Number of protein chains: 2
Amino acid sequence: MSEWMRIGELAGRAGVTLRTIRHYERLGLLPKGEREGNGQHYYPEASIARLEKIDQLKRLGLTLEEVSGVIDLYFSDPSRRSAKRKVLSILRQHLSQTDEKITALTKFRSDLQAHIDRFDQWLNDS
Amino acid sequence: MSEWMRIGELAGRAGVTLRTIRHYERLGLLPKGEREGNGQHYYPEASIARLEKIDQLKRLGLTLEEVSGVIDLYFSDPSRRSAKRKVLSILRQHLSQTDEKITALTKFRSDLQAHIDRFDQWLNDS
DNA sequence: CTTAAACATGACGTTAACGTAACGTTTTAG
DNA sequence: CTAAAACGTTACGTTAACGTCATGTTTAAG
């Protein structure tokens with residue numbers, strides 16, 4: 001509906017608390033937006049997507065500090081070639097880190113499976 | 001060499017600090033072992049494997065409390081059928097949780113890849 | 001216009017997983 | 001035997017990511 005929303009609506013639609021939003025603002029994770037002299041903050045729709053991306057990165061195990069180091073890469077639209085290259089290299093680092101995590105988890109999965117098989121065997125033997 | 005080691009050696013061989021070991025002891029994650037009246041603690045080789053397993057579970061994102069809830073499953077040798085079944089069901093829960101994590105990470109990976117491809121395209125266009 | 005709901009700001013509280021300092025024994029190298 | 005290294009115990013400190021007041025202002029409903 002409206003172009004701009006206040007913090008309460010943003011929190012509700014993004015599924016976070018007011019405190020979280022203010023926390024992220026202080027960490028520079030989320031841009032603010034004051035309006036007129038009233039003191040209240042108004043946010044654009046884009047803030048929702050940003051909060052959701054932050055949550056996604058968090059669930060992947062990144063700390064807020066790490067998130068703040070890369071969050072802009074997902075929303076910025078760098079025009080200079082050098083900026084593009086930089087973004088690309090960081091994204092590639094992320095990719096390989098992700099691959100490592102997946103590998104570790106996969107190994108853990110197979111360990112688990114082995115354990116389960118062993119117990120199953122035992123159960124049938126006894 | 002020796003059957004029993006003191007805390008310093010255990011820490012060194014397991015790659016953790018003394019503080020960590022004591023912390024885990026208080027949480028019940030690692031069994032103690034006093035000896036004679038001298039007050040010092042002596043640990044068996046098995047403690048190393050236990051610390052390593054704890055570390056592995058931690059790296060998978062489990063909290064110490066969660067770890068303490070399952071760590072025994074990896075070392076106990078339940079003799080009763082009912083115990084075996086219980087262990088099995090918990091291990092299976094772990095397996096499905098692990099699968100979920102892998103799925104989430106895989107999706108993230110493909111998102112990342114898409115991002116990278118888009119940037120690559122851009123770079124070639126410009 | 002009045003009052004409750006929403007918002008702003010500041011500050012103290014909380015949990016997890018140890019770090020680090022302080023201080024007194026025990027073990028060990030020389 | 002003596003000094004240094006290792007150990008035990010207690011207790012306060014630290015970081016992350018917010019939660020939870022407390023208090024004052026702004027907005028919105030009736």
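Every value quoted in this text rests on a predicted model; they were computed, and no experiment measured them. What you see below is based on every heavy atom in this structure, not just the backbone, and it leaves out hydrogens, waters and symmetry mates.
- Distance, B/Leu18 CG to D/dA6 P: 10 Å, rounded to whole Å.
- Atom P of nucleotide C/dT28 and atom CD of B/Gln40 are separated by 8 Å, given to the nearest angstrom.
- Across all strands shown, B/Lys58 has heavy atoms under 4.0 Å from sugar-phosphate atoms exclusively, and none from any base.
- Heavy atoms of B/Tyr24 sit under 4.0 angstrom from primed sugar atoms or phosphate atoms, though from no base atom.
- Ring geometry for A/His115 versus A/Phe119: interplanar angle under 30°, hence parallel rather than tilted (30 to 60°).
- Proximity of A/Glu9 to A/Tyr43: side-chain heavy atoms (C-beta onward) are nowhere separated by under 4.5 Å.
- A straight line from CG of B/Leu51 to C1' of C/dC18 spans 14 Å, rounded to a whole angstrom.
- In this model, no side-chain donor or acceptor of A/Arg22 finds a partner on the base of C/dT9 within 3.5 Å.
- Atom CD1 of B/Ile7 is separated from atom C1' of D/dA5 by 15 Å (rounded to the nearest Å).
- For the pair B/Leu30 CG and C/dA17 C1', the computed distance is 16 Å after rounding to whole Å.
- One atom, CD1 of B/Ile21, and another, P of C/dA17, lie 17 Å apart when rounded to the nearest Å.
- Contact check, B/His23 against C/dT20: no side-chain N or O comes under 4.0 Å of OP1 or OP2.
- Side-chain atoms of A/Thr63 lie closest to D/dA17 of the nucleotides C/dA8, D/dA17, D/dG19.
- Between the CG atom of A/Leu27 and the P atom of D/dA16 there is a distance of 9 Å, rounded to whole Å.
- Contact annotation: B/His41 does not reach the phosphate of D/dC7 (side-chain N/O to OP1 or OP2, under 4.0 Å).
- In plain terms, the two heavy atoms of A/Phe75 and A/Arg50 that are nearest each other are CZ-CA, 3.7 Å.
- Comparing D/dT9, D/dA28, C/dT20 against the side chain of B/Arg19 picks out C/dT20 as the nearest.
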side-chain hydrogen bond (donor to acceptor under 3.5 Å, both in side chains) evaluation trace for B/Gln121 with B/Asp117: CA-CA 6 Å; B/Gln121 194 60 33; B/Asp117 290 348; over 6 Å; no

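- Side-chain proximity of A/Thr20 to D/dA11, D/dG19, C/dA16: nearest is D/dG19.
- To the nearest 0.5 Å, the span separating CD1 on A/Ile21 from CG on A/Leu51 amounts to 5.5 Å.
- Closest-nucleotide positions on DNA chain C for B/Tyr42 and B/Glu65 were compared, and the one nearer the 5' end corresponds to B/Glu65.
- For the pair B/Leu29 CG and C/dA16 P, the interatomic distance rounds to 13 Å; values are reported in whole Å.
- Nearest-nucleotide positions on DNA chain D for A/Asn38 and B/Gly39 put B/Gly39 closer to the 5' end.
- If you check D/dG8, C/dT27, D/dT27 against the side chain of A/Arg6, the one that comes closest is D/dT27.
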